[in-house]
Amino acid sequence: MGNDGDSLLAEQLAYYRARAAEYDRVYAEREDLRRLSALVDGLPSVGDVLELACGTGRWTRAIAARARSVTALDAAPEMPDIARAHTASSRVRFLRADVFAWQPPRRYDTVAPGVVAE
Ligand SMILES: C[S@@+](CC[C@H](N)C(=O)[O-])C[C@H]1O[C@@H](n2cnc3c(N)ncnc32)[C@H](O)[C@@H]1O
């Protein structure tokens, strides 16, 4: 990725880091996000699932209800901490990782993409 792309990604990550503590509020404010979460609940997230850009774990809970295991990653260190507090499941493992640099150590049955670029 070029310099422009790198700085855009860095700016985006800084934005989410700054908003981490209040991020869940968008779900109270936006009907479309609540509808999207309901759709995630209906997806066939089976087996060992990799969730990219898990944020505060709003989708992780729904995915974990169907999956054998969930590896949920996010680059913002604040996000997995908040998500962990929301998602009490021994089947979920949260990782802090940059999706563009991280090398998966294994194959997954399902990959659930979060929104990394809006
Ligand atoms: C729109 S939020 C989506 C969170 C969650 N999927 C949801 O819908 O509630 C985007 C997330 O992408 C994360 N993110 C941004 N850049 C990333 C990167 N390079 N690698 C991994 N996660 C990243 C942010 O920290 C943020 O939590």
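Heavy atoms only: backbone and side chains are in, while hydrogens, waters and symmetry mates are out. First listed ligand is number 1; within each ligand, the first listed atom is number 1.
Using cut-offs of 30° and 60° on the angle between ring planes, the pair Trp102 and Tyr108 is tilted.
Residue-ligand proximity, Tyr27 to ligand 1, at heavy-atom distances under 4.0 Å covers atoms 7 (C), 8 (O), 9 (O). Close contacts between ligand 1 and Asp98 involve ligand atoms 18 (C), 19 (N), 20 (N) [criterion: under 4.0 Å to a heavy atom]. Of all atoms in ligand 1, numbered sequentially from 1 with element shown, those under 4.0 Å from a heavy atom of Ala97 are 20 (N), 21 (C). Atoms of ligand 1 lying under 4.0 Å from at least one heavy atom of Gly55, given by number and element, are 4 (C), 27 (O). Annotation for ligand 1: atoms under 4.0 Å from non-hydrogen atoms of Phe100 are 19 (N).
Judged by a 6.0 Å distance limit and a 45° cone about the ring axis, Arg96 is not positioned over the six-membered ring of Phe94. Geometrically, Arg58 engages Tyr27 in a cation-pi contact defined by less than 6.0 Å to the ring centre and at most 45° from the axis.
Under 4.0 angstrom from ligand 1, the non-hydrogen atoms of Cys54 all belong to its backbone.
At least one heavy atom of Tyr23 sits under 4.0 Å from some atom of ligand 1. Using a 4.0 angstrom heavy-atom cutoff, Asp74 counts as in contact with ligand 1.
Ligand 1 has a nitrogen or oxygen under 3.5 angstrom from a nitrogen or oxygen of Ala75. Considering backbone and side-chain atoms together, Val99 places an N or O closer than 3.5 Å to an N or O of ligand 1.
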Which donor-acceptor pairs under 3.5 Å do the side chains of residues 77-88 make with protein atoms, sequence neighbours left out?
| residue | atom | partner | partner atom | Å |
| --- | --- | --- | --- | --- |
| Glu78 | OE1 | Arg17 | NE | 3.1 |
| Glu78 | OE2 | Arg17 | NE | 3.0 |
| Glu78 | OE2 | Arg17 | NH2 | 2.8 |
| Asp81 | OD1 | Arg84 | NH1 | 3.0 |
| His86 | ND1 | Thr56 | O | 3.3 |
| Thr87 | OG1 | Ala83 | O | 2.9 |

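The heavy atom nearest to atom 5 (C) of ligand 1, considering only Ala53, Gly114, Ala72, is found in Ala53.
At least one side-chain heavy atom of Val40 sits less than 4.5 Å from a side-chain heavy atom of Ile63.
Remark: Asp41 pairs with no residue by the side chain to side chain donor-acceptor pair (under 3.5 Å) rule, at least two apart or across chains.
Glu22 CD: more than 12 foreign heavy atoms inside a 6.0 Å radius.
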Pair Leu36, Arg30 - check side-chain contact (heavy atoms from CB on, under 4.5 Å), show working. CA-CA 10 Å; Leu36 194 56; Arg30 287 181 50 181; over 6 Å; no
